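Computation of the quantities below employed the complete heavy-atom set of this structure, encompassing side-chain atoms and omitting hydrogens, waters and symmetry-equivalent molecules. Note that ligands are numbered from 1 as they come in the structure, with each ligand's atoms numbered from 1 the same way. No experiment lies behind these values; they were computed from the predicted model shown.
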Amino acid sequence: MLRFAFFDTKAYDKPAFEKYGPKNGIEFKFFETKLTPDTASLAHGFDGVCVFVNDRIDSAVIDSLAEGGVKLIALRCAGYNNVDVPYAFGRIHVVHVPAYSPYAVAEHAMAMLLTSVRRVHKAYNRTKDHNFSLSGLTGFDLHGKTVGVVGTGKIGRIFIDICRGFGMRVLAYDKFPAKDTDIQYVSLEALFEESDIISLHCPLTEETRHMIGEESIAAMKKGVVLVNTSRGGLVDSKALLEGIKSRKIGAACIDVYEEEADIFFEDRSGHIIDDDTLARLISMPNVLVTSHQAFLTEEALENIAETTVGNILGFFANGGHENELCYRCGNTDSCKKHRVNRCF
Ligand code: NAI
C-alpha cells in the first residue's frame, strides 16, 4: 500500500479520494492543516504528499519532504504557482491535474458575470425579506457587448463559446495564440481599451502578476466589469479597490484573491478580517466575491481524484507520468522525460 499525506483536507475532498484511493492501493491520511515549513514533518515516512492551491511548497518544505523520504508531490489542481518547481527539480518529482473540468470554471465565470450585471444576489436577498422593490436592480444586456478574454486555453475557450452563445463580441489576448481558430486576437492594450467586460483565464507567472493594476485600469473603459476566476495575483487588489472607488470599474467578480491563502476555504464568520482591502472590496455593492469555488462541481471532484490517483500509480508503477511538472521540459539535454519517462 502506498501512503500519502493529504494536506488542507476539506469535507468535500474525502468521498472521491476514498473511492479511488484504497481500491488502487493508495492510503490517504487526511490532515486538515496546510502544508507549510512548520507542518512538513507530518509527511515524514509517507511515500508522497497530496496538496492543493494554498499549500506552500517552497524550498524549505521541499528540503523537509526530501529529508523525510517523500518521493512525490501530487497536486490535486491545475495551477502550480504555489510550488517552487525549479527547486524541486532533482529533489522530488511533482505531478498535477492539468484539466478536471474546464466547464466548471468557465460556467462559474459566466454565473458570476450574470449575477453581477443582473443584480441577482441583491434580488435574492430582497425577496427573502419580502421586499419586491426593483429600485437599484437595473442591469444591462450582455448581448452586443464586447468581452475581452485573457488566456485562450481550455477554460478561456469554453468561456468564449459561452459568451458567443449570448451574442457577445469576443476579443482575446494570449501570449501564445491558438492557430487553428477563428478567435479574434488583439494586443492586451487594445483588449483593455475596447472591452466592456474583461475575464482572466491565463496562469499566474512573474510576467502576468498584477497585469490588472493602476496603469491597465486607467486604460480601460469606464464601467468595465472585471471577472477573475484564474489566480488572485493577476490583479493588484489595492488598484482594483481604487478603480471601484473612483467608479472607473463598474463591477468586479472575483473568485480568487491575491492574499486568499489564509482566508478562502475557511469559515471565518465571527472573526475580524485583518485584510482591509478584502473587507472593503466585499463591502462594495458592485463587488461579488466567491471563495475559490469555480472548480467545485461533482464532475470536477471525481476527475481530480481519478487523475491524481492515476498520476501516483503511473509514477510508482510505470516509472513516470505525462502529468509530471518540470521547468526544463522541452530541453532535451537537461530533462530526461523523453528518454526515461521521468524528468530527472
Ligand atoms: P491552460 O493552460 O489550458 O490555458 C492557459 C492559457 O493562458 C494558455 O492558452 C496560455 O498560452 C495562456 N498564457 C500563458 N501565459 C500568458 C500570458 N503571459 N498572457 C496571456 N496568456 C497567457 O489553462 P486553463 O486550464 O485554461 O486554466 C487557466 C487558469 O485558470 C489556470 O492557470 C488556473 O490558474 C485557473 N484555474 C482556476 C480555478 C478556480 O477554481 N478558480 C480552477 C482551475 C484553474
Side-chain angles (χ1 to χ4, degrees), residues 8 10 12-13 51-55 75-83 85 96-113 148-163 170-181 183-192 195 198-213 216 226-235 252-258 260-261 263-265 288-304 307-308 322-323 325 327 329-330:
D8 202 10
K10 298 286 178 281
Y12 59 74
D13 288 316
V51 296
F52 197 48
V53 292
N54 289 325
D55 291 301
L75 285 157
R76 53 181 191 279
C77 54
Y80 47 87
N81 52 285
N82 54 330
V83 184
V85 176
H96 74 144
V97 182
Y100 30 93
S101 177
Y103 299 99
V105 183
E107 288 172 14
H108 189 79
M110 182 48 88
M112 292 191 88
L113 179 59
V149 177
V150 182
T152 56
K154 293 176 283 297
I155 297 169
R157 281 187 188 221
I158 294 167
F159 185 72
I160 287 173
D161 287 344
I162 295 172
C163 290
V170 179
L171 299 178
Y173 169 77
D174 196 300
K175 193 179 174 191
F176 310 100
K179 292 201 173 65
D180 52 338
T181 169
I183 295 171
Q184 187 185 344
Y185 286 103
V186 294
S187 68
L188 201 50
E189 292 71 31
L191 185 144
F192 289 149
S195 301
I198 295 173
S199 193
L200 305 178
H201 300 287
C202 63
L204 175 62
T205 62
E206 275 322 304
E207 194 183 351
T208 59
R209 185 174 297 280
H210 287 187
M211 69 164 24
I212 306 297
S216 47
L226 179 72
V227 184
N228 186 10
T229 55
S230 196
R231 283 292 180 267
L234 295 174
V235 177
C253 307
I254 55 176
D255 183 53
V256 284
Y257 176 68
E258 59 179 334
E260 71 180 47
I263 304 171
F264 280 20
F265 302 115
L288 199 64
V289 179
T290 52
S291 182
H292 206 137
Q293 77 173 70
F295 74 99
L296 195 62
T297 64
E298 285 172 15
E299 292 81 357
L301 291 174
E302 281 273 323
N303 285 343
I304 288 169
T307 307
T308 304
E322 57 178 333
N323 291 339
L325 284 173
Y327 75 113
C329 267

Close-contact set for ligand 1 against [X] heavy atoms, below 4.0 Å:
X: Phe176; answer: 11 (O)
X: His292; answer: 39 (C), 40 (O), 41 (N)
X: Thr152; answer: 9 (O)
X: Val105; answer: 38 (C), 42 (C), 43 (C)

For [atom], grab the closest protein heavy atom and report residue, atom and distance to one decimal in Å.
atom: atom 33 (C) of ligand 1; result: Arg231 NH1, 3.7 Å
atom: atom 22 (C) of ligand 1; result: Cys202 CB, 3.7 Å
atom: atom 29 (C) of ligand 1; result: Ser230 OG, 3.3 Å
atom: atom 41 (N) of ligand 1; result: Thr229 O, 2.9 Å
atom: atom 16 (C) of ligand 1; result: Lys175 CB, 3.7 Å
atom: atom 4 (O) of ligand 1; result: Gly153 CA, 3.2 Å
atom: atom 1 (P) of ligand 1; result: Lys154 NZ, 3.7 Å

Do the side-chain N and O atoms of Tyr103 and Thr297 include a donor-acceptor pair separated by under 3.5 angstrom?
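Not at all, the side chains of Tyr103 and Thr297 share no donor-acceptor pair under 3.5 Å.
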Side chains of Ser101 and Asn303: any donor to acceptor distance under 3.5 Å?
no
Which is closest to [atom] by heavy-atom distance: [options]?
atom: atom 9 (O) of ligand 1; options: Thr290, Asp174, Leu200; answer: Asp174
atom: atom 18 (N) of ligand 1; options: Ile158, Leu188, Thr208; answer: Thr208
atom: atom 7 (O) of ligand 1; options: Pro203, Gly156, Ala109, Ala104; answer: Pro203
atom: atom 43 (C) of ligand 1; options: Tyr80, Tyr100, Tyr173; answer: Tyr100

Using a 3.5 Å cut-off on N or O atoms only, is [X] in polar contact with ligand 1?
X: Thr205; answer: no
X: Ile155; answer: yes
X: Phe295; answer: yes

Name the orientation class of the two ring planes belonging to Phe159 and His201 (parallel below 30°, tilted from 30 to 60°, perpendicular beyond 60°).
tilted
Among residues at least two apart in sequence or on other chains, which ones pass side-chain hydrogen bond (donor to acceptor under 3.5 Å, both in side chains) with Asp13?
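With neighbours one apart ignored, the set is empty.
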Check: Asp174 side chain, Thr152 main-chain N or O, donor-acceptor pair, under 3.5 Å:
yes
Is there a donor-acceptor pair under 3.5 Å between the side chain of Asp255 and the backbone N or O of Ala294?
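Yes, because the side chain of Asp255 sits within donor-acceptor range (under 3.5 Å) of the backbone of Ala294.
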Taking everything shown except Tyr80 itself, do over 12 heavy atoms lie less than 6.0 Å from its OH?
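It does not: Tyr80 OH has 12 such atoms or fewer within range.
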Does ligand 1 have a heavy atom under 4.0 Å from the side chain of His201, from its backbone, from both, or from neither?
backbone
Is the ring centre of Phe264 less than 6.0 Å from the ring centre of His292?
no
Rounded to the nearest 0.5 Å, what separates atom [atom1] in [X] from atom [atom2] in [Y]?
X: Thr208; Y: Leu200; atom1: OG1; atom2: CG; answer: 9.5 Å
X: Ser291; Y: Glu260; atom1: OG; atom2: CD; answer: 7.5 Å
X: Glu258; Y: Asn228; atom1: CD; atom2: CG; answer: 10.0 Å

Within-shell test, Leu204 vs ligand 1, heavy atom, strictly < 4.0 Å
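Per 4.0 Å heavy-atom rule, Leu204 does not contact ligand 1.
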Show the nearest heavy-atom pair for residues Cys202 and Ser230, with the distance to one decimal.
O-OG, 2.6 Å
